[in-house]
Amino acid sequence: MWWFYRKGPSGFSGASTAEEVTAGVDGQALVAVVTGASSGIGLETARVLALRGVHVVMPVRNVAAGLAVRESIVAKVPGARIDVLEMDLSSMASVRRFASEFESLNLPLNILINNAGVMTRNCTCSCDGLELHFATNHIGHFLLTNLLLENMKRTCRDSGTEGRIVNVTSSGHVMTYPEGICFDKIHDPSGLNDFIAYGQSKLANILHVYELSRIFKEEGVNISASAVHPGVIATNLFRGRSIAAAFLNSIGRIMCRSVEQGAATTCYVAMHPQVQGTSGKYFADCNVASPSLQASDPELAKKLWQFSLKTVSP
Ligand SMILES: *[C@@H]1O[C@H](CO)[C@@H](O)[C@H](O)[C@H]1NC(C)=O
Ligand SMILES: *[C@@H]1O[C@H](CO)[C@@H](O)[C@H](O)[C@H]1NC(C)=O
Ligand SMILES: *[C@@H]1O[C@H](CO)[C@@H](O)[C@H](O)[C@H]1NC(C)=O
């Protein structure tokens with residue numbers, strides 16, 4: 001429960017809000033791409049980054065909804081710099097289109113926040129024939145990250161500022177896969193057996209961050225890659241209008257974090273000067289936390305990288 005959170009070494013805790021952890025941080029010189037910014041913690045992340053002066057680019061599936069979100073942020077943060085571009089993470093073609101549209105904006109890129117995730121329970125396949133959770137949570141972001149990387153490298157060379165890639169792992173209830181998921185529809189089922197064993201695209205995200213940060217270190221590139229767990233968020237826990245649902249939701253709101261708190265770790269890792277030089281780590285409650293042992297398996301991380309690379313190669 002949030003009121004029991006103790007402050008960690010960073011001086012912040014699970015009770016800190018995104019505004020609190022970025023207070024006094026100047027983002028005027030920075031540009032960020034934030035996926036999944038049309039609702040929930042993604043929206044709050046975009047709002048707080050904009051509040052700190054960051055130029056935020058929001059790739060969204062539904063542009064009309066994205067523009068409405070931009071309006072709502074600008075209403076609260078006058079002068080906020082926000083661009084809305086179309087992107088469907090479950091389609092590689094759409095991700096490529098977004099990347100080239102972003103390039104044509106001629107903006108530098110300092111921060112990439114891979115935040116979007118899908119939460120459907122059914123076995124659904126994306127238009128590329130990949131299982132939807134895996135496609136959206138991992139492959140879509142993998143491709144997006146790869147396509148934006150040249151710009152990020154150029155930006156940190158030209159500006160002398162550290163680039164930051166922040167992967168938000170899906171929260172609480174998304175962690176387990178249902179039975180009967182359509183892994184047979186994936187291009188290379190044998191390459192995926194390790195994953196089915198671990199059963200989570202969340203793990204894939206963490207593994208990817210490890211591999212990415214290893215590669216950056218090897219190349220001497222001043223970009224950090226971090227994984228973030230946002231904590232369980234109070235919205236959408238129980239649906240319906242029954243008294244029981246209302247009761248459970250109010251308990252839920254007490255026990256879980258608000259959206260303002262849920263966006264805190266992401267904003268902290270994206271912007272705070274304390275985080276500089278820290279890469280390949282897993283953050284929770286605005287502090288470095290330990291992921292599961294499997295998540296730090298470097299062999300598995302390499303395997304996933306190779307598999308993902310093969311999947312996105314045209
Ligand atoms: C799953 O699919 C079934 C049948 O197609 C549908 O009735 C149900 O609403 C779906 N559930 C979710 C969570 O999408
Ligand atoms: C996590 O980040 C890597 C790049 O750092 C990306 O390829 C991977 O798919 C990401 N996943 C998510 C959900 O961000
Ligand atoms: C990375 O960039 C920061 C500025 O944001 C700088 O202080 C730091 O020295 C750089 N690190 C390396 C290894 O170049």
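When a ligand or atom number is given, it counts from 1 through the structure's own listing order. Starting from 1, each residue takes its place in the sequence as its number. Everything numeric here is computed off the predicted structure, so don't read it as measured data.
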**Asked** Are any of the N or O atoms of Gln276 closer than 3.5 Å to those of ligand 3?
**Response**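 Yes - when backbone and side-chain N and O of Gln276 are compared with those of ligand 3, one distance drops under 3.5 Å.
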**Prompt:** Who's closest to atom 10 (C) of ligand 3 heavy-atom-wise, of Val221, Asn110, Thr161, Asn222?
**Reply:**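 When every heavy atom of Val221, Asn110, Thr161, Asn222 is considered, Asn222 comes closest to atom 10 (C) of ligand 3.
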**Prompt:** Going by an N to O cut-off under 4.0 Å, is there a salt bridge joining Glu103 and Arg154?
**Reply:** yes
**Prompt:** Hey, is atom 7 (O) of ligand 3 under 4.0 Å from any protein heavy atom?
**Reply:**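 Yes.
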**Request:** Tell me whether the centres of the aromatic rings in His208 and Phe142 are closer together than 6.0 Å.
**Result:** yes
**Asked** Closest non-hydrogen protein atom to atom 5 (O) of ligand 3, residue and atom name please, with distance?
**Response**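 The closest one turns out to be Glu162 N, 2.9 Å.
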**Asked** Tell me, which protein residue and heavy-atom name are nearest atom 4 (C) of ligand 3, and how many Å apart are they?
**Response** Gly160 O, 3.1 Å
**Request:** Among Thr266, Thr35, Thr145, find the residue that satisfies the side-chain hydrogen bond (donor to acceptor under 3.5 Å, both in side chains) test when tested with Asn114.
**Result:** Thr145
**Prompt:** What heavy-atom pair brings Thr155 and Leu109 nearest, and what distance separates the two atoms?
**Reply:**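 So the two residues come closest at OG1-N, 2.9 Å.
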**Message:** Leu85 vs Met58, test: side chain to side chain contact (heavy atoms under 4.5 Å, CB included). Steps then yes/no.
**Reply:** CA-CA 6 Å; Leu85 294 178; Met58 295 172 38; over 6 Å; no
